[in-house]
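When reading the values below, keep in mind they use all heavy atoms of this one structure, side chains included, and skip hydrogens, waters and symmetry mates.
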Amino acid sequence: MTQKTGITRRGALKMGLGSVAAAGLMARPIFAQGAPVRIALAAPMTGDSASMGLNAQRGAEAAMKLIEAAGGPSVTFDIFDDMGQPREAASVARRIADSGDYDLVVGHVNSSCTLAAMPIYSDYEIPVLCGSSSNSQVTESGWDNIVRMTIRDDYGAQQYSAFAVNNLGKKKMAILFANDDYGRGLRDKMMVAADALGAEVVAEAGFTPNLDKDFSSIVSQFRNAGAEAFMLNCNYTEGGLFLGQAKSAGVEGIATVGPDSLLYNEYIELAQGAAEGSYILAAYDPYADSDTTQAFMSGFREAYDALPSQVAVFTSDLFILAHQLMAAGSTPKTLIGDIKGTEFVGVGGTYHWDAKGDVKDRTFAVITVKDGKFASTGAAVDETGLDALR
């Protein structure tokens, strides 16, 4: 799939799509007239994470429409399906790198896929703009050709535990985790945080993503352990199935806390009513008081009858960010360094990055499921007791 369009920096700023530090922009020549910014979008278009890939595609398309409306240099992108599988992600990375056709990669979505693909992108010095892979090793492995938008797991796991303990008053947690880099990373850090907060992890259970569908034995394990809170370190498919099976087994009324990988309609549907009242800590606020954010949310809901996940929001913002910088003179070789020296305002809020490529000063929005739909709680995570971990 390839689409082409374009935007000028002045047009982007007028539309409120983002702002870039002026000093860096003024020092570089304007992007060559007519030269497209060529993006490879790597995401799971099939498999159990397919809704994430679809959100990535929709986010890219939303950005392209805004870019096209402003006019200017062109952008092209092609979608590469990594199926949410690390082995396929490595194969995708090899095809992208060997083709020589792309200036940058936006992706991957799953942490395991990003970690599998990064050695190849690093060897070829291809810049990678990652929206959603939150495992700490994504930016701790020594690669200098990647930045990401989302909040990293070691910080996020602390927040999940703090919300369960401090905001909800739950001291006995049971952790369901995907047995991959993403899920294990969250579990490990969550357990450390729970201990620091005086809580107890009374049970934990892993599963194989894209394979395991029967969680009945885990439901029994968690119930027998006296869990007061289910901590769902997984994607929407397994999270929804787990809650639906818990309800079928008569296990209800237990608080549920999870990451923004649950922020998909399928989570609510698969849970069969059991997602009601659960809490999702999202790396962006879909209800932020921002004209840019609300315009994007409104248009997305109208087009797709769904709340855009962080994948859609961050993908859109990454397309705009990459285009603005490359249109102003960045090259594939300088892009990552230029981003690290940039402050950008987009649909997902304000972003700036540290030397490792992680976003700085981002906080979680707390979303709940109310009357079968996602809704803002307006709450903030009570971080009391986390100082010892920082």
Undergrad: Can you check ring pair (Phe, Tyr, Trp, His ring centres under 6.0 Å) on Phe77 and Phe319, steps first, answer last?
TA: CA-CA 10 Å; Phe77 79 94; Phe319 267 60; 5.4 Å; yes
Undergrad: Could you go through residues 346-359 and list every donor-acceptor pair under 3.5 Å that involves a side-chain atom there, pairing it with any protein atom two or more places apart or in another chain?
TA:
{"residue": "Tyr351", "atom": "OH", "partner": "Asp317", "partner atom": "OD2", "Å": "2.5"}
{"residue": "Tyr351", "atom": "OH", "partner": "Gly348", "partner atom": "N", "Å": "3.4"}
{"residue": "His352", "atom": "NE2", "partner": "Asp361", "partner atom": "OD2", "Å": "3.1"}
{"residue": "Trp353", "atom": "NE1", "partner": "Arg148", "partner atom": "O", "Å": "3.0"}
{"residue": "Asp354", "atom": "OD1", "partner": "Lys356", "partner atom": "N", "Å": "3.0"}
{"residue": "Asp354", "atom": "OD1", "partner": "Gly357", "partner atom": "N", "Å": "3.0"}
{"residue": "Asp354", "atom": "OD1", "partner": "Asp358", "partner atom": "N", "Å": "2.9"}
{"residue": "Lys356", "atom": "NZ", "partner": "Glu140", "partner atom": "OE1", "Å": "3.2"}
{"residue": "Lys356", "atom": "NZ", "partner": "Glu140", "partner atom": "OE2", "Å": "2.7"}
{"residue": "Asp358", "atom": "OD1", "partner": "Thr139", "partner atom": "OG1", "Å": "3.1"}
{"residue": "Asp358", "atom": "OD1", "partner": "Arg148", "partner atom": "NE", "Å": "2.6"}
{"residue": "Asp358", "atom": "OD1", "partner": "Arg148", "partner atom": "NH2", "Å": "3.1"}
{"residue": "Asp358", "atom": "OD2", "partner": "Thr139", "partner atom": "OG1", "Å": "2.8"}
{"residue": "Asp358", "atom": "OD2", "partner": "Arg152", "partner atom": "NH1", "Å": "2.7"}

Undergrad: Under 3.5 Å, which donor-acceptor pairs link side chains of residues 269-281 to any protein atom two or more places apart or in another chain?
TA:
{"residue": "Glu276", "atom": "OE1", "partner": "Asp371", "partner atom": "N", "Å": "3.4"}
{"residue": "Glu276", "atom": "OE1", "partner": "Gly372", "partner atom": "N", "Å": "3.0"}
{"residue": "Glu276", "atom": "OE2", "partner": "Asp371", "partner atom": "N", "Å": "2.4"}
{"residue": "Ser278", "atom": "OG", "partner": "Tyr267", "partner atom": "OH", "Å": "3.0"}
{"residue": "Ser278", "atom": "OG", "partner": "Ala275", "partner atom": "O", "Å": "2.6"}

Undergrad: Consider only side-chain N and O atoms of Tyr284 and Asp260, and report whether a donor and an acceptor are under 3.5 Å apart.
TA: no
Undergrad: What I'd like to find out is whether the side chain of Val201 reaches to under 4.5 Å of the side chain of Met231, using heavy atoms alone.
TA: no
Undergrad: Is the Phe242 ring parallel, tilted or perpendicular to the Phe215 ring (thresholds 30°, 60°)?
TA: perpendicular
Undergrad: To the closest 0.5 Å, what do you measure between OG (Ser91) and CD1 (Ile96)?
TA: 10.0 Å
Undergrad: Check this for me: Asp289, atom CG, are more than 12 non-hydrogen atoms of other residues, nucleotides or ligands nearer than 6.0 Å?
TA: no
Undergrad: Would you find a donor on one side and an acceptor on the other, under 3.5 Å apart, between the side chain of Ser122 and the backbone of Met118?
TA: no
Undergrad: Determine whether a donor-acceptor pair (N or O, by modelled atom type, separation under 3.5 Å) exists between the side chain of Ser141 and the backbone of Gln137.
TA: yes
Undergrad: Have Asp214 and Ser216 got a donor and an acceptor in their side chains that come within less than 3.5 Å?
TA: yes
Undergrad: For the OH atom of Tyr264 and the CG atom of Asn235, what is their distance to the nearest 0.5 Å?
TA: 7.5 Å
Undergrad: At what distance, to the nearest 0.5 angstrom, does CD of Glu88 lie from OG1 of Thr46?
TA: 8.0 Å
Undergrad: With the side chain counted from C-beta on, respond yes when Gln310 and Ser261 share a heavy-atom pair under 4.5 Å apart, and no when they do not.
TA: no
Undergrad: To the closest 0.5 Å, what do you measure between CD (Glu238) and CG (Asp48)?
TA: 5.5 Å
Undergrad: Mind checking the CG-CD spacing from Leu386 to Gln159? Nearest 0.5 Å is all I need.
TA: 6.5 Å
Undergrad: Can you check whether Ala288's main-chain N or O pairs, donor with acceptor, with Gln294's side chain at less than 3.5 Å?
TA: yes
Undergrad: Would Ile126 and Tyr102 satisfy side chain to side chain contact (heavy atoms under 4.5 Å, CB included), going step by step from the backbone distance to the final call?
TA: CA-CA 8 Å; Ile126 299 173; Tyr102 302 97; 5.9 Å; no
Undergrad: With heavy-atom distances below 4.5 Å as the criterion, would you say the side chains of Asn55 and Thr315 are in contact?
TA: no
Undergrad: Could you tell me whether the side chain of Lys340 reaches within less than 4.5 Å of the side chain of Val147, counting heavy atoms only?
TA: yes
Undergrad: Between Ser111 (side chain only) and Asn135 (backbone N and O only), is there a donor and an acceptor less than 3.5 Å apart?
TA: yes
Undergrad: Flag the pair Tyr155 / Arg362 as yes when at least one side-chain heavy-atom distance between them is below 4.5 Å, and no otherwise.
TA: no
Undergrad: To check you understand the geometry: which heavy-atom pair defines the closest contact between Leu129 and Leu318, and what is its length?
TA: O-CD1, 3.5 Å
Undergrad: Below 30° counts as parallel, above 60° as perpendicular, anything between as tilted: where do the rings of Tyr121 and His108 land?
TA: tilted
Undergrad: Please report the C-alpha distance between Ile146 and Thr114 in whole Å, then the side-chain angles of each, then the deciding distance to 0.1 Å, and finally whether the side chain to side chain contact (heavy atoms under 4.5 Å, CB included) criterion is met.
TA: CA-CA 10 Å; Ile146 185 169; Thr114 298; 4.1 Å; yes
Undergrad: First locate atom CD1 of Ile339, then atom CE of Met149, and finally report the distance between them rounded to the nearest 0.5 Å.
TA: 8.0 Å
Undergrad: For Thr150 and Ser134, indicate whether the former's side chain and the latter's backbone hold a donor-acceptor pair under 3.5 Å.
TA: no
Undergrad: Give the intermediate values and the outcome of side chain to side chain contact (heavy atoms under 4.5 Å, CB included) for residues Glu228 and Lys171.
TA: CA-CA 7 Å; Glu228 297 175 345; Lys171 289 296 187 77; 4.2 Å; yes
Undergrad: Strictly distance-based, threshold 3.5 Å: is any side-chain N or O of Asp154 a donor or acceptor partner for the main-chain N or O of Ser136?
TA: no
Undergrad: I'd like to know if the side chain of Asp103 reaches the main chain of Val37, judged simply by a donor and an acceptor atom lying under 3.5 Å from each other, with no hydrogens or angles considered.
TA: no
Undergrad: Ignoring hydrogens and geometry, is there a side-chain-to-backbone donor-acceptor pair from Thr377 to Ala379 under 3.5 Å?
TA: yes
Undergrad: Which pair of heavy atoms, one from Ala89 and one from Asp82, lies closest together, and at what distance?
TA: CA-CB, 3.8 Å
Undergrad: Scan the side chains in residues 173-180 for donor-acceptor partners under 3.5 Å anywhere in the protein, sequence neighbours excluded, and list what turns up.
TA:
{"residue": "Asn179", "atom": "OD1", "partner": "Arg184", "partner atom": "NH1", "Å": "3.0"}
{"residue": "Asp180", "atom": "OD1", "partner": "Tyr182", "partner atom": "N", "Å": "3.2"}
{"residue": "Asp180", "atom": "OD1", "partner": "Gly183", "partner atom": "N", "Å": "2.8"}

Undergrad: List the atom of Ser330, the atom of Leu335, and the distance in Å for their closest heavy-atom pair.
TA: CB-CD1, 4.2 Å
Undergrad: Between Asp153 (side chain) and Ser133 (backbone), is there a donor-acceptor pair under 3.5 Å?
TA: no
Undergrad: Using a 6.0 Å distance limit plus a 45 degree cone around the ring axis, check whether Arg58 lies over the aromatic ring of Tyr304.
TA: yes
Undergrad: Taking the side chain as C-beta and beyond, is there a heavy-atom pair between Val251 and Phe222 under 4.5 Å?
TA: no
Undergrad: Looking only at atom types and distance, does a side-chain atom of Asn265 sit under 3.5 Å from a main-chain N or O of Asp305, one as donor and one as acceptor?
TA: yes
Undergrad: Any heavy-atom pair between the side chains of Glu61 and Gln57 that's under 4.5 Å?
TA: yes
Undergrad: Which atom names give the shortest non-hydrogen contact between Met297 and Pro308, and what distance separates them?
TA: SD-CG, 3.2 Å
